[in-house]
Amino acid sequence: MQRKHLLVMAVAAAIAINGSPAFAGGSPWLPAPGGGSLTVSYVSQNATEFFRSTTKSPTPGGGHDLSQKTVWVEGTYGLSDSLALDFRFGGAQSSYATGPGLPPSQDSISGLADINAGVVWRAVDEIVSNGPSIAFRAGVIVAGSYDTGYINSLGDGGNGFEVSALIGKYLDNGFALSGEFGYRTRTSGDHDIPPNLFARLAAGVVVGSRVGVSFNYQMEDSTSGLEIGGPGFSPMVFPELQEDFHIVGPSVSIAVSDRANIGASYGRVIAGRNTAVSNVIGVSLNFVF
């Protein structure tokens, strides 16, 4: 049970830390009724290149850093054997180089990030079936407080909702697989924000009795939108871009007690469209109750 519980924390933390800074991820493994978890994480993103459409180009200021630092607070709570609630909120600060010389001058943006809250219903429990655990999540998105007319704004400034299907399976010898596949749509009074598809995949394994290691993949794909430098584009319409990205990287989770673990994660944008070519580093502290 301890090995299985650690894998749940490792895989779930991997998706959360290594994921998009704007949106939460669900889990097919629900907490026990009346129980749950609370996670505090710090995520740092840096880039010296970005995709202009699908072509890599130096970031503004002659290839100086675009950076964003975010502190997230996330939680889950089990309502029943097959129903759970989750939430995510946080604050962030972005900076970008504006001058061609060194050291570059920095413009800074800060504010509250988008809030995401949802409900997860587990349709199939692998403990009582021969197949994987299968769950479905519905979440609402509330826009944070930030300006949107910058290349590295904290988000797109839209309210909306997302739905997703989740699947997970424990395998022999301490291995586990997890996946989430979903659709997101948002609206804004100022901008036409494109809907997008998203997916998160993780493969984890317990090493020893307290260490979980996983490898993670995440993608988001806008179904429409403008191109940087294309017809209709200006800095004021960044939320209307067709923004796609693919992130891969490893993570590790260490149980420091029966109810707490620490985690670290690294991700790299390996392909994309109208997005920064970011390195993403995250650390987290997770409590189970």
Side-chain angles (χ1 to χ4, degrees), residues 2-31 35-46 67-78 84-94 112-118 120 137 139 144 154-155 166 168 176-180 198 200-218 247-269 278-289:
Q2 182 182 21
R3 291 166 64 86
K4 183 171 286 191
H5 183 61
L6 180 58
L7 267 175
V8 171
M9 293 190 296
V11 174
I15 296 174
I17 298 171
N18 203 31
S20 165
F23 302 103
S27 171
W29 300 300
L30 273 58
S37 66
L38 184 66
T39 303
V40 178
S41 58
Y42 171 79
V43 180
S44 174
Q45 302 175 86
N46 289 91
S67 68
Q68 183 169 313
K69 319 296 182 186
T70 310
V71 175
W72 289 113
V73 178
E74 304 169 70
T76 61
Y77 180 77
L85 302 176
D86 60 39
F87 69 87
R88 189 184 204 193
F89 66 88
Q93 181 179 49
S94 291
L112 297 177
D114 293 345
I115 298 171
N116 191 306
V120 181
R137 180 180 186 272
L154 306 184
L166 305 112
L177 300 174
S178 173
E180 180 176 18
F198 62 90
R200 301 174 177 89
L201 303 174
V205 63
V206 168
V207 180
S209 62
R210 289 184 173 271
V211 179
V213 179
S214 65
F215 187 80
N216 319 290
Y217 165 78
Q218 178 183 357
I247 300 175
V248 297
S251 68
V252 61
S253 178
I254 302 172
V256 295
S257 73
D258 291 339
R259 292 186 175 274
N261 75 306
I262 56 176
S265 180
Y266 171 77
R268 170 74 176 178
V269 175
S278 297
N279 293 295
V280 185
I281 298 172
V283 293
S284 71
L285 178 61
N286 171 267
F287 299 93
V288 178
F289 59 88

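Computed from heavy atoms alone, side chains included, the values below leave out hydrogens, waters and symmetry copies.
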- Item | Nearest heavy atoms of Phe215 and Pro250, plus distance in Å | CD1-N, 4.1 Å
- Item | Interatomic spacing from CG in Asp114 to CG in Leu154 - rounded to 0.5 Å | 8.5 Å
- Could you tell me the separation between the CD1 atom of Ile115 and the CZ atom of Phe89, rounded to the nearest 0.5 Å? 8.0 Å
- Which distance, rounded to the nearest 0.5 Å, do you find between the OG of Ser67 and the CD of Gln93? 7.5 Å
- Task: Of all the heavy-atom pairs spanning Pro31 and Gly78, show the shortest one and how long it is.
- Result: CG-N, 3.5 Å
- Message: Return the OG1 to CZ distance between Thr39 and Arg88, rounded to the nearest 0.5 Å.
- Response: 10.0 Å
- Message: Please tell me whether Asn286 and Ser284 have a donor and an acceptor in their side chains that are separated by less than 3.5 angstrom.
- Response: no
- So CD of Glu74 and CZ of Phe87: to nearest 0.5 Å the spacing works out to 8.5 Å
- Identify the two heavy atoms, one from Ile281 and one from Tyr266, that lie closest to each other, and give their separation to 0.1 Å. CG1-CD1, 3.9 Å
- Would you check if the side chain of Ser278 reaches a backbone N or O of Val280 as a donor-acceptor pair within less than 3.5 Å? no
- Roughly how far, to the nearest 0.5 Å, is OG of Ser37 from CZ of Phe287? 11.0 Å
- Looking only at heavy atoms, what is the nearest atom pair of Ser27 and Leu166, with distance? N-CD2, 3.3 Å
- Side chains of Gln218 and Phe198 in contact at under 4.5 Å (non-hydrogen atoms): no
- Gln68 and Ser94 have their tightest heavy-atom pair at OE1-OG, 3.0 Å
- Taking the side chain from Asn216 and the backbone from Ala202, do they hold a donor-acceptor pair closer than 3.5 Å? no
- Task: List the steps and the verdict of side-chain contact (heavy atoms from CB on, under 4.5 Å) for Val283 and Ile262.
- Result: CA-CA 7 Å; Val283 293; Ile262 56 176; over 6 Å; no
- Query: What pair of heavy atoms forms the shortest contact from Tyr42 to Val71, and how long is it?
  - Reply: CD1-CG2, 4.0 Å
